[in-house]
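Each remark here refers to the structure printed beneath this line.
What you see is a predicted model; the values in this text were computed from it and never measured.
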Amino acid sequence: MNIKNKLKFVWKVIVKIAQICFGIAFISGCWTVAYFFSYWLYNRIDWHPHHYVGQLINMLAALFIMGLMIQLIGWLFFHKKQKEVSNSLKDALRRISQGDFKVRLSFVRTDPRYQEILDEVNLMADGLEKLEALRQEFISDVSHEIQTPLTSISGFARALQNESLDVDTRNKYLRIIEGESTRLSKLSENLLRLASLDSEKHPFEPKRYRLDRQLGTLVLSCEPQWVGKSIELNADLDDVYVEADEDLLSQVWINLISNSIKFTPEGGQIDITLRHKDGLAEFRIQDTGIGIAEEQQQQIFERFFKADKARSRKIGGSGLGLSLVKKIVEMHHGTVAVESEIGKGSVFIVTLPVALPQL
Ligand SMILES: Nc1ncnc2c1ncn2[C@@H]1O[C@H](COP(=O)(O)OP(=O)(O)OP(=O)(O)O)[C@@H](O)[C@H]1O
Ligand SMILES: [Mg+2]
């Protein structure tokens, strides 16, 4: 035990002894007051009870005085503190209800019951502050995503008013306006879908179906995109049944396949496999695309995150596709993961529980 701890220990012992002495003095004081008061009262009313009855009355009176004193001391010492705590609590709750989430409460030597409430209020303010920061970040991301195509649309619409433009330039500007409008409409579609999924009111209609058949159809429907970039696409799909919302899952596969096509240069390769493993359906999509840096591999599932903003701007995309993928896969009690190396390519792996065999 070092000297500091020794001093602490000695101080604790002194405080305990002082508390005991104070207790004894307090009880004796109350008993003495009761004794002299009852003695004075018996003389006044000229009643001299039996010794036993006298002692009993004396003891009860001492207890009564003790209770009274405790109440008085409590009121004198703690009432002010309680008032201070409850006023600060009311003030903090009022400020929180008005949207000021920076409030934090702290009191030294507060009754442990109040401390618990104060801790809960601080925790609530903390949570609300984080939520508010996320909300503001979301608004700023949405505004930015809307502002960029709008600026482009209004700029080219103004340029089109120039009657001296030749047909080719005019058509080029119109194609840009069309592209930016499509981008805006896709953004609002994705935002609405995310909001609807977040609200948990989105229709969720799971049914048993063949996942390999759904994937086969979607791969074919994307053919113009991968053939257009001379990408070699191989699909090797086991027969797997899942119990899932077909519409929602098709969004997952489309987003993953179109990402692979989008981020793989001309002449690249994409391999899609579906395996039935240990009660799980494992979907893998591997590409020979640009890859994702290790430090960004977890962020890509966040809303509006784009690893390379300049490139995304050129090839289109608002960074919502993978957050939708994650949300939908988690709704189906599945997982989504990524393995990737810059310049070599990426693999996205989705696992889902397979459907129970039909009886
Ligand atoms: N297969 C992939 N190869 C390389 N990078 C990828 C791949 N898939 C996703 N990414 C990176 O992750 C980011 C987020 O992907 P996400 O699908 O969420 O957005 P997006 O494709 O840019 O836009 P959106 O899907 O909304 O049209 C992409 O911008 C890209 O940087
Ligand atoms: Mg995408």
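- Judged purely by atom type and a 3.5 angstrom limit, D287 has no side-chain atom pairing as donor or acceptor with the backbone of I270.
- Counting heavy atoms from C-beta on, the side chains of Y173 and T169 come closer than 4.5 Å.
- Among L211, T351, V329, L256, the single residue meeting the side-chain contact (heavy atoms from CB on, under 4.5 Å) criterion with F283 is L256.
- Rounding to the nearest 0.5 Å places CD of E339 at 8.5 Å from CD of Q286.
- The neighbour count for D278 CG, taken as heavy atoms of other residues, nucleotides or ligands under 6.0 Å away, does not exceed 12.
- Side chains of D247 and Q251: no donor on one and acceptor on the other come within 3.5 Å.
- We find that K102 and D100 are not joined by a salt bridge, their nearest charged nitrogen and carboxylate oxygen being 4.0 Å or further apart.
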Yes or no on side chain to side chain contact (heavy atoms under 4.5 Å, CB included) for I117 and V85, after CA distance, side-chain angles and deciding distance?
-> CA-CA 10 Å; I117 300 175; V85 173; over 6 Å; no

Any chance you could lay out the side chain to side chain contact (heavy atoms under 4.5 Å, CB included) test for L249 and V252, step after step, and finish with the verdict?
-> CA-CA 5 Å; L249 272 196; V252 169; 4.1 Å; yes

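- Using modelled atom types, one side-chain atom of R208 and one backbone atom of L356 make a donor-acceptor pair closer than 3.5 Å.
- Distance CG/L191 to CD1/I146: 7.0 Å, rounded to 0.5 Å.
- Using a 4.5 Å heavy-atom threshold, the side chains of V219 and W253 count as separate.
- The OG1 atom of T273 lies 7.0 Å from the CG atom of D236; values are rounded to the nearest 0.5 Å.
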Kindly determine whether L248 and F204 satisfy side chain to side chain contact (heavy atoms under 4.5 Å, CB included), including the steps that lead there.
-> CA-CA 8 Å; L248 284 177; F204 183 63; 3.8 Å; yes

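- The CD atom of E223 sits 13.0 Å away from atom CG of L218, with the distance rounded to the nearest 0.5 Å.
- Contact record, L237 with D212: CD1-O, 3.5 Å, taken as the closest heavy-atom pair.
- When the shell of 6.0 Å around CZ of R170 is examined, it contains more than 12 heavy atoms from other residues, nucleotides or ligands.
- If you take CH2 on W40 and OH on Y35, they are separated by 16.0 Å, rounding to the nearest 0.5 Å.
- Ring geometry for F348 versus F301: interplanar angle over 60°, hence perpendicular rather than tilted (30 to 60°).
- Using a 4.0 Å cut-off between charged side-chain N and carboxylate O, E189 and K186 make no salt bridge.
- Heavy atoms from other residues, nucleotides or ligands lying under 6.0 Å from CZ of F26 number more than 12.
- Looking at F37 and I65, their side chains never come closer than 4.5 Å, going by heavy atoms from C-beta outward.
- Under the 4.0 Å criterion applied to side-chain N and carboxylate O atoms, K130 and D126 are assigned as salt-bridge partners.
- Taken together through direct or relayed side-chain contacts under 4.5 Å among Ile, Leu, Val, Met, Phe, Trp and Tyr, L280 and L352 form parts of separate hydrophobic clusters.
- G317 and K306 make their closest contact through O-NZ, 3.7 Å (heavy atoms, listed as atom of the first residue, atom of the second, distance).
- Shown here is E294, whose CD atom has no more than 12 heavy atoms of other residues, nucleotides or ligands within 6.0 Å.
- No option in V338, N259, V336, N255 other than N259 meets the side-chain contact (heavy atoms from CB on, under 4.5 Å) test with L322.
- Side-chain heavy-atom separations under 4.5 angstrom define the hydrophobic clusters, and the remaining members of the one that includes I349 are V347.
- Taking every heavy atom of both residues into account, A62 and A34 meet most closely at N-CB, 3.5 Å.
- Applying the 6.0 Å contact sphere to CD of Q298 captures no more than 12 heavy atoms from other residues, nucleotides or ligands.
- In this structure, R213 does not pair ionically with E246, as no charged nitrogen and carboxylate oxygen lie closer than 4.0 Å.
- Closest approach of N43 to H48, counting heavy atoms only: OD1-CE1, 3.6 Å.
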Do L60 and F64 pass the side chain to side chain contact (heavy atoms under 4.5 Å, CB included) test, and can you show the C-alpha distance, the side-chain angles, and the key distance before you say yes or no?
-> CA-CA 6 Å; L60 289 174; F64 177 73; over 6 Å; no

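- By the 4.0 Å N-to-carboxylate-O rule, R303 lies too far from E137 to be salt-bridged with it.
- With H332 contributing its side chain and I328 its backbone, the two residues share a donor-acceptor pair below 3.5 Å.
- Open room surrounds NE2 on H51; 12 or fewer heavy atoms of other groups in view lie less than 6.0 Å from it.
- More than 12 heavy atoms of other shown residues, nucleotides or ligands fall within 6.0 angstrom of atom NZ in K327.
- By the 6.0 Å contact criterion, CD on E178 is open, its count of non-hydrogen atoms from other residues, nucleotides or ligands being 12 or less.
- Distance CD/Q98 to CZ/R95: 9.0 Å, rounded to 0.5 Å.
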